[in-house]
Amino acid sequence: GFGDQFEITAIVHPNYRRQGIFKQLFAAAKEEAIHRNAARLLLVNYRNSVSGNALVAALGLPYYNSEYHMETDRTMLSALPASQINLLDVTAANVADLSQSLAATFGAGRWNSEAELLADLVREDGKYFLATVDGTLIGQIGVVTDDNEVYVRAVGIVPQWRGRGYGRQLLSALVQKMLAEGFSRFALDVETANRNALSLYQSCGFQESNVYDYYIVPL
């Protein structure tokens, strides 16, 4: 779940397919989403999955949107620019600033309310950073770490500070920070329709490794 939007991913072992197992999983997931007061439920399909594509066609679900999954590592990273941005760890003391910044960059929603963000802060594998320039809050970025890989999330510059190259500086500051901490691989997801963000990530050395297609599940 992401606030009031929920996503389903499902795998059934090949030896147990065609036994109605997915149908039961699918029904249980819908029930759980309704129980959690979901406003929207999406089924995530990997575009290169033959069985997944056949399943989506059989279910007749309407298409919603798509995201590229992009990856890079220390050897593939392009030269990153020097950054004026200072990254501040988000804690309970400044989580309100994060909530406001996320609302400005992505729109307000339950997923970026102070309560939801406070609950997210307790996870040991993830954190958020506020991006500031000369003490002024201009955006935010987050990470989830796993072994030596960093998943980059919630990348955003608030509208009044866009168009000044801060997006690239924000990514550069984050990557350099995580490299210094010993991480060597990076991944993120970006909507295929977001051409500006896609171009930014490609120019920094990220490459598409998969496409996630999202389909609306009626509730």
Side-chain angles (χ1 to χ4, degrees), residues 1-5 67 70-74 76-146 148-191 193-206:
F2 302 90
D4 57 3
Q5 177 170 295
E67 288 183 334
M70 308 186 75
E71 298 178 350
T72 191
D73 62 30
R74 182 186 294 271
M76 296 164 55
L77 285 166
S78 304
L80 296 170
S83 180
Q84 303 170 263
I85 291 176
N86 183 38
L87 296 178
L88 300 177
D89 283 47
V90 173
T91 65
N94 58 10
V95 72
D97 292 331
L98 174 63
S99 179
Q100 293 172 10
S101 184
L102 287 167
T105 53
F106 296 108
R110 197 171 81 189
W111 74 276
N112 54 29
S113 68
E114 289 186 44
E116 290 280 345
L117 293 172
L118 279 171
D120 196 33
L121 289 180
V122 302
R123 61 186 297 175
E124 296 182 357
D125 62 342
K127 61 176 62 178
Y128 286 101
F129 303 98
L130 297 175
T132 66
V133 173
D134 296 328
T136 300
L137 177 62
I138 67 164
Q140 79 291 314
I141 196 166
V143 297
V144 176
T145 57
D146 180 21
N148 70 336
E149 181 170 289
V150 176
Y151 177 79
V152 183
R153 59 176 176 166
V155 183
I157 300 295
V158 296
Q160 61 267 38
W161 291 97
R162 292 173 185 168
R164 309 186 192 190
Y166 285 133
R168 183 180 299 275
Q169 289 189 40
L170 176 58
L171 185 63
S172 176
L174 184 280
V175 168
Q176 293 185 57
K177 175 181 176 62
M178 302 312 290
L179 286 172
E181 293 183 12
F183 295 94
S184 60
R185 299 175 59 219
F186 299 84
L188 54 82
D189 297 323
V190 58
E191 284 193 31
N194 192 343
R195 304 307 301 177
N196 289 337
L198 180 60
S199 296
L200 168 63
Y201 299 138
Q202 289 174 329
S203 69
C204 292
F206 283 83

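This is a predicted model, so every value here is computed, not measured.
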Practice task
Flag the pair T72 / Y201 as yes when at least one side-chain heavy-atom distance between them is below 4.5 Å, and no otherwise.
Solution key: no

Problem - Non-hydrogen atoms of S184 and N148 that approach each other most closely - result: OG-ND2, 2.9 Å

Side-chain atoms of residues 90-98: list all donor-acceptor pairs with protein atoms under 3.5 Å, sequence neighbours left out, distances to 0.1 Å.
| from | atom 1 | to | atom 2 | distance (Å) |
| --- | --- | --- | --- | --- |
| T91 | OG1 | A93 | N | 3.2 |
| N94 | OD1 | T91 | N | 2.7 |
| N94 | ND2 | D89 | O | 3.2 |

Exercise for the section: With side-chain contact (heavy atoms from CB on, under 4.5 Å) as the test, would you mind laying out the steps for L170 and L87 before giving the verdict? Expected result: CA-CA 8 Å; L170 176 58; L87 296 178; 3.8 Å; yes

Exercise for the section: Give, for atom CG of L130 and atom CD1 of I85, the distance between the pair rounded to the nearest 0.5 Å. Expected result: 12.0 Å

Exercise for the section: Could you walk me through whether V155 and L188 pass the side-chain contact (heavy atoms from CB on, under 4.5 Å) test, one step at a time? Expected result: CA-CA 10 Å; V155 183; L188 54 82; 5.8 Å; no

Exercise for the section: Evaluate the side-chain proximity of F186 to L171: yes if any heavy-atom separation is below 4.5 Å, no if none is. Expected result: no

Side-chain atoms of residues 172-182: list all donor-acceptor pairs with protein atoms under 3.5 Å, sequence neighbours left out, distances to 0.1 Å.
| from | atom 1 | to | atom 2 | distance (Å) |
| --- | --- | --- | --- | --- |
| S172 | OG | P81 | O | 2.7 |
| S172 | OG | Q176 | NE2 | 2.6 |
| K177 | NZ | E181 | OE2 | 3.4 |

Problem - L118 side chain reached by D120 side chain, heavy atoms, under 4.5 Å - result: no

Problem - Residue pair R153 / Y128, side-chain heavy-atom distance below 4.5 Å - result: yes

Practice task
Of all the heavy-atom pairs spanning Q169 and A82, show the shortest one and how long it is.
Solution key: CG-O, 3.9 Å

Expected list for residues 135-146: side-chain donor-acceptor pairs under 3.5 angstrom, two or more places apart:
| from | atom 1 | to | atom 2 | distance (Å) |
| --- | --- | --- | --- | --- |
| Q140 | OE1 | S101 | OG | 2.5 |
| Q140 | NE2 | T105 | OG1 | 3.3 |
| Q140 | NE2 | A154 | O | 3.0 |
| T145 | OG1 | D125 | O | 3.2 |

Practice task
Specify the closest pair of heavy atoms between A197 and V190, including all atoms of both residues, with the distance to one decimal.
Solution key: CB-CG2, 3.8 Å

Handout entry: Side-chain touch L200/F206, heavy atoms, less than 4.5 angstrom
Key = no

Exercise for the section: Find the distance between CG (N112) and CD (Q100) and round it off to the nearest 0.5 Å. Expected result: 11.0 Å

Fill in the blank from the handout: CG (D134) and CD (Q84) are apart, to the nearest 0.5 Å, by 7.0 Å

Problem - Crowding at CZ, R123 (>12 non-hydrogen neighbours, <6.0 Å) - result: yes

Fill in the blank from the handout: Smallest heavy-atom separation, M76 atom then E71 atom, equals CE-O, 4.1 Å

Problem - Any donor-acceptor pair under 3.5 Å from S78 side chain to S203 backbone - result: yes

Practice task
Work out which heavy atom in F2 is nearest to a heavy atom in W111; give both atom names and the distance.
Solution key: C-CB, 3.3 Å

